[in-house]
Amino acid sequence: MLPPTRSSDDACGSGAEPVSDFQSFRRPRVLDKRVDPARGTLWLLLAAPDLLTSYQGRMEENMKLATVEDTVEYRLFLIPDEPRDPEEHKEILQKYIEKIMTQFAPMLVPYIWQNQPFNLKYKPGKGDVPAHMFGMTKFGDNIEDEWFIVYIVKRITKEFPELVARIEDNDGEFLLIEAADFLPKWLDPDNSANRVFFHHGELCIIPAPKKPGAVPWLPTTPPTISQALNIISTHPEKILASESIRAAVNRRIRGYPEKIKASLHQAHCFLPAGIAAVLKQRPRLVAAGVQAFYLRDPTDLRACRVFKTFLPETRIMTSVTFTKCLYAQLVQQRFVPDRRSCYRLPPPSHPQYRAHELGMKLAHGFEILCSKCSPHFSDSKKSHVITSPLWAGFLESLKKNDYFKGLIGGSAQYQERLEMAKNYFQLCVNRPESSLAMSPGEEILTLLQTIPFDIEELKKEEANLPPEDDDQWLELSPDQLDQLLQEAAGKKEPEPISKGQKENYDLTQVSESMKAFISKVSTHKGAELPREPSEAPITFDADSFFNYFDKVLGSRLHESDSDDVDEEDSECLDSDDDLDLETQEPGEEASIKGTLDDLKSYMAQMDQELAHTSIGKSFTTQKQMEPLSQTTNNNSDEEDSGAGGSVMTPLDVDLNLVSNILESYSSQAGLAGPASNLLQSMGVQLPDNTDHRPTSKPTKD
């Protein structure tokens with residue numbers, strides 16, 4: 001972690017309990033779009049479509065967002081932002097693109113993207129946005145592609161300190177949405193435009209001044225890109241996001257680059273030899289094949305009635321590397337091939353049924369891709385990588401970065417990695433115009449024409465196939481789902497409560513948590529939850545609570561008869577900053593004192609009225625002690641005359657609170673409910689209810 005520095009929260013004067021509108025508009029980031037292979041649907045957990053639509057509308061008023069669904073955009077700016085000759089600036093940025101794509105090639109080359117790869121291109125300046133490096137990637141259903149790009153962009157700014165990065169997707173500032181629970185109160189979708197950047201490998205948030213002109217270098221409105229770059233270059237130590245915000249984002253990208261390997265799944269597939277040869281040269285094309293099958297329509301399936309490119313009689317057993325998302329999409333699709341296709345499946349009990357089924361589905365996807373292009377497509381689209389003037393320098397940089405891992409030049413493995421590098425170079429470094437870019441189908445047909453393969457040799461390799469990966473990860477138990485939700489929310493998984501702990505469970509934390517919750521101020525934006533025990537101890541300061549109450553009542557005495565609290569008072573209530581009651585005027589103090597006396601008088605009258613009812617019998621009261629009787633002597637005359645000598649025995653608030661919470665928890669019968677949800681949100685875990693006795697006895701009329 002970085003040494004202690006002043007964060008953006010300090011400049012903005014945020015309170016100890018951050019609250020932000022981003023919590024209300026938090027997009028479904030828990031499991032985002034994770035494929036449910038059992039049902040063939042996409043989980044959209046914790047989604048709020050109406051709020052999300054509102055959030056998007058508000059964000060679009062401030063910035064131009066990615067208009068394509070499931071697309072992430074990223075920009076890299078050079079600082080300091082000084083006036084430069086446009087051509088010179090373009091040349092400088094082009095060199096940075098080559099350096100970046102070469103340096104990160106060992107991670108990017110073997111990566112299997114769901115739709116589009118990470119890429120960078122030069123984008124000229126326009127208006128307040130200077131010339132920069134720009135990239136856009138459609139990640140589709142695999143949200144991990146987006147977070148891998150976040151990791152790459154973060155690493156780029158660390159390796160190149162003179163670069164500043166900005167990243168957003170069609171939901172807007174998704175980094176702030178991910179850290180919504182820890183944002184300062186002042187930050188919301190209305191003022192977040194052009195404030196979030198990566199610099200020196202750390203997340204930065206340009207703060208807003210508490211008052212106009214309070215901080216000379218901070219604009220009162222959301223900054224422009226040029227203003228933001230100037231602030232970052234001149235005050236880098238004052239814009240660092242708080243540790244909790246950075247931790248929330250870092251937790252989401254934790255594990256890269258090792259995590260890439262964990263996201264892959266190897267499976268045996270009974271495939272036509274042509275597809276096996278193509279995937280051996282271009283493993284990334286498996287994504288295009290899966291997507292073609294997954295998104296097929298009746299028109300696509302017409303091409304699969306009779307296979308013309310990948311004949312079923314050429315099938316062999318081979319090993320295919322998928323991402324887990326692609327594998328789940330392929331497995332969960334139920335599909336029966338057309339009889340005319342000559343693709344036959346063994347009975348489900350066959351030990352290799354899964355391999356035959358996967359191969360059949362993948363073959364349909366590749367056939368669909370090839371059917372969408374003519375086999376006589378223009379030769380101008382064919383790749384001529386080696387003729388590019390950039391290829392020699394790119395290849396030399398790969399060797400310096402140990403891309404070939406010491407493999408002997410000319411060996412089979414060396415040639416495989418070389419072909420992958422050429423493909424990566426063509427796609428991401430030496431990108432042709434879109435009109436000349438090859439489609440996946442054209443690329444497959446080109447490979448079939450250029451790469452030699454022997455079906456008999458491929459059949460011999462069947463005996464030496466690597467073992468398949470276990471796909472038990474497709475099955476998700478309720479406990480595993482709860483754990484994923486806890487991890488995604490940034491909460492530690494609570495340790496199971498042992499038998500001894502159940503017997504000696506301390507119920508005071510239940511009452512203390514509820515008191516802490518009640519002491520928070522709720523507004524139209526929602527109620528604040530106290531910190532978890534792991535973050536801060538739960539305390540309840542009764543004096544502070546009454547001070548807040550007195551402040552509200554006191555201020556209302558000087559207002560009109562309006563029942564509404566103005567915006568300034570609302571902001572004051574939302575803040576956790578201590579109220580400075582000592583600076584009040586003498587007249588105001590007297591007014592507050594009088595109001596408090598009136599309140600006590602009202603409470604005493606209410607007690608007298610309730611003493612004649614049976615409402616007190618529904619609560620558990622404290623034992624009437626001798627000191628208590630002495631404290632009530634002062635008002636004994638009034639109570640004797642008004643209540644007939646009866647004395648209201650004080651209630652045991654803690655006992656009543658805990659008993660009611662436990663009764664509600666017991667009525668949930670082990671399911672989710674208000675009691676468990678509220679307590680768990682505050683870090684309190686109750687033991688399982690082992691008492692199955694009825695909570696109430698039936699009564700006879």
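No hydrogens, no waters, no symmetry mates; every other heavy atom, side chains included, goes into these values.
W186 approaches N191 most closely through the heavy-atom pair O-ND2, 2.7 Å. Minimum heavy-atom separation, R195 to P222: NH2-CA, 3.7 Å. Counting all heavy atoms, side chain and backbone alike, I112 lies closest to T323 at O-CG2, 3.6 Å. When all heavy atoms of V196 and R166 are compared, the closest pair comes out as O-NH1, 3.2 Å.
Taking CD1 of I253 as the start and CZ of R251 as the end, the distance is 11.5 Å to the nearest 0.5 Å. Note that CD of E178 and CG of L203 are 11.5 Å apart. Values are rounded to the nearest 0.5 Å. Residue S477 holds its OG atom at 8.5 Å from CG of D482, rounded to the nearest 0.5 Å. Of the inter-residue distances, the one linking I239 atom CD1 with I205 atom CD1 reads 10.0 Å to the nearest 0.5 angstrom. Here CG of D145 is found 8.0 Å from CG of N115. Values are rounded to the nearest 0.5 Å. Rounding to the nearest 0.5 angstrom, the gap separating the NZ atom in K154 from the CG atom in L175 is 11.0 Å.
Counting heavy atoms from C-beta on, the side chains of L330 and Y294 never come closer than 4.5 Å. You'll find the side chain of W473 reaches within 4.5 Å of the side chain of H265, heavy atoms only. The shortest distance between side-chain heavy atoms of K324 and L264 does not fall below 4.5 Å. Between I661 and S664 the shortest side-chain heavy-atom distance does not fall below 4.5 Å. Using a 4.5 Å heavy-atom cutoff, the side chains of Q114 and Q291 are in contact. Using a 4.5 Å heavy-atom threshold, the side chains of H199 and T157 count as separate. Counting heavy atoms from C-beta outward, I245 and L183 have side chains that approach closer than 4.5 Å. Counting only heavy atoms from C-beta outward, the side chains of Y111 and F118 never approach each other to under 4.5 Å.
No donor-acceptor pair closer than 3.5 Å links the side chain of N194 to the backbone N or O of A228. Between the side chain of R246 and the backbone N or O of A241 there is at least one donor-acceptor pair closer than 3.5 Å. Of the possible polar contacts, none joining the N677 side chain to the P674 backbone as a donor-acceptor pair under 3.5 Å is found.
Using bins of under 30°, 30° to 60° and over 60° for the plane-to-plane angle, the ring pair W147/F174 lands in the perpendicular bin.
In the model, Q329 has a side-chain atom that pairs as donor or acceptor with a side-chain atom of D141 under 3.5 Å. Looking at E144 and Y256, their side chains do bring a donor and an acceptor atom within 3.5 Å of each other.
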Worked check of side-chain contact (heavy atoms from CB on, under 4.5 Å) between V150 and V72 | CA-CA 9 Å; V150 172; V72 60; 5.9 Å; no
Take Y74 and D169 through the side-chain contact (heavy atoms from CB on, under 4.5 Å) test and state the conclusion after the steps.
-> CA-CA 9 Å; Y74 33 97; D169 64 9; over 6 Å; no
Criterion side-chain contact (heavy atoms from CB on, under 4.5 Å) on I206 and K238, from CA distance to verdict | CA-CA 8 Å; I206 297 177; K238 296 181 180 179; over 6 Å; no
Can you list the steps and then say if L176 with L187 is a side-chain contact (heavy atoms from CB on, under 4.5 Å)?
-> CA-CA 9 Å; L176 296 184; L187 188 58; 3.9 Å; yes
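Taking 4.0 Å as the cut-off between side-chain N and carboxylate O, E73 and K138 do not count as a salt-bridged pair.
Counting non-hydrogen atoms of other residues, nucleotides and ligands closer than 6.0 Å to NZ of K259 gives a total above 12.
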